[in-house]
Amino acid sequence: MSIKYESTRSNIKADPSEAILKGISSDGGLFVPESFPSLELAAIMDMDYKGICYEVLSRFFHEFEESHLRKIIDLSYDKFNTEKVTPIVSFDNLNFLELYHGPTLAFKDVALSILPHLLTESAKIQKVTDEIVILTATSGDTGKAALEGFADVEGTSIVVFFPDEGVSMIQRKQMTTQKGKNVQVLAIDGNFDDAQRGVKEIFSDKAYNESLKATRHILSSANSINIGRLVPQIVYYFYSYVESVKAGKLKAGDMINFTVPTGNFGNILAGYYAKMMGLPVNKLICASNDNNVLYEFFKTGEYNRNRPFLKTVSPSMDILVSSNFERLIYHVSGNDKVFVKKSMDLLNSSGTYKVDDEIKDAIDDNFYGNYCSEEDTLTTIKDVFEKYHYLMDTHTAVACKVYGDYVKATKDETLNIILSTASPFKFTKSVYEAIFGPSDLDEYLLIKELSDKTGTPLPVDLIEMCGAEDLHKDVCTFEGMKQSITDFLNRQV
Ligand SMILES: *Cc1c(COP(=O)(O)O)cnc(C)c1O
């Protein structure tokens, strides 16, 4: 069976390689699979992560040859520091699926280790010989994971925009010290939504794209608007189910829940896709921080971004416009492109749109939403550490708290997996202070303190990285994004 992709906003269709290469449809819509392939649990019960990964990817990307796909899966996940790729750590009813064992310490590595390979292969399939320019807006973690994946990859360049004051010190440092001939990192004078909107506008700017074409450049995206990022994230939903069966926590066929700390709605949407492929998922629990637009939506059926943008201790979720929610609306509205287009236009012009009861009910059948305050995030880190001696990051803590609230509200005893999205060391200052109280020490110095005082080994040499030279110091305005890309590409020739 071969799956085609279509835009959420019009009749534009694409083969997988074309959808991956373009990143976003020229009408501003996102590519979605026309139908969902099924994946039988029985077929994957004895497989490891890589095996399951092949089964998922091959069902969505039929143009890729088996031997090649298997090779790039090996290359991508050999970079993780555990053979399990995404191990599960359990205490009582808390099961943490640790997605952060890749090179940059956040779950973005799971998809961004493989995306460069998918993209370069897609270019071959599409017979494109122009240089691929990856544009990326980041709330902190995508940027570094994409840089790591694309640095010095032949035939590509990458430009990353991050919110100047919206990322943790370590997230910033990871990006500004990035080496590579083909990389450009820019702080933008705005928040993540500004960066993401800027990038999306550049994608749909026909004249600008034509001018790039004249210099033999084409744009693509490493954000979760790219279907090539979303599909690899489906894998760990199946994998964690299989592992839970192997651990005797589930019988094959039993229902499972997942709690997902959510920003752009990419990670949790991959869980919905797993469900559409036949994984027995009961509820997808959507955990937000104080930027709780999605929680409000789950309550009222109205999406409303007209509100202050708050900076929180879980910065990778500081987002008011969750791009992938468009895909969900598309699927639950029965593929209603006209409705999606109208709603997204409204979101753009007035900042809000509403769905009818039928769509709302379809969403409620699959999702539960809640949020966690700043104070509760920190208390949760401390409580879990004191009870289990387990260190989690701020984003994971948001999910952990919301899962507790869900259980209180519903008494649902279905086995639940909490998606743990970042290493605690990536947010050292917040995690340290949550447990040990305020400290005057520089964040560089706290890394070792946190490791020593909690007996948690450092995953990579973050301390050395913190001392490395900043290679990227420029700040650009929202209006200046396009020009900065052009300047960078001109400098390269
Ligand atoms: C990106 C990110 C999230 C949010 O994931 P989405 O797919 O954008 O919803 C949560 N936690 C961390 C650590 C992240 O980097």
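What you see is a predicted model, and the numbers here were worked out from it, not measured in a lab. In listed order, ligands and their atoms are each counted from 1.
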**OP:** Could you tell me whether Glu83 atom CD has more than 12 heavy atoms of other residues or ligands within 6.0 Å of it?
**Re:**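 Atom CD in Glu83 is not crowded, with 12 or fewer foreign heavy atoms closer than 6.0 Å.
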
**OP:** With a 4.0 angstrom cut-off on heavy atoms, strictly below it, pick out the residues next to ligand 1 and order them by chain and number.
**Re:**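 Under the 4.0 Å cut-off, ligand 1 touches Phe107, Lys108, Asp141, Pro261, Thr262, Gly263, Asn264, Phe265, Gly266, Asn267, Ser316, Met317, His395, Thr421, Ala422.
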
**OP:** Please collect all salt bridge (charged side-chain N to carboxylate O under 4.0 Å, His left out) contacts where either partner lies in residues 272-283, sequence neighbours excluded, each pair once.
**Re:**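 As it turns out, there is no salt bridge (charged side-chain N to carboxylate O under 4.0 Å, His left out) pair with a partner in residues 272-283 once direct neighbours are skipped.
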
Original post:
Can a donor-acceptor pair be found between the side chains of Thr396 and Ser420 at a distance below 3.5 Å?
Top reply: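 On atom types as modelled, these side chains qualify, holding a pair under 3.5 Å.
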
Subject >> Ion pair check, Glu98 and Lys84, cut-off under 4.0 Å >> reply: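 Salt bridge flag = no for Lys84 with Glu98.
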
Subject >> Aromatic ring proximity, centroids under 6.0 angstrom, His395 and Phe107 >> reply: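 Centroid distance Phe107-His395: not below 6.0 Å, so no.
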
Original post:
For the side-chain contact (heavy atoms from CB on, under 4.5 Å) test, which of His472, Arg172, Met465 pairs with Thr177?
Top reply: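 Option passing the side-chain contact (heavy atoms from CB on, under 4.5 Å) with Thr177: Met465.
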
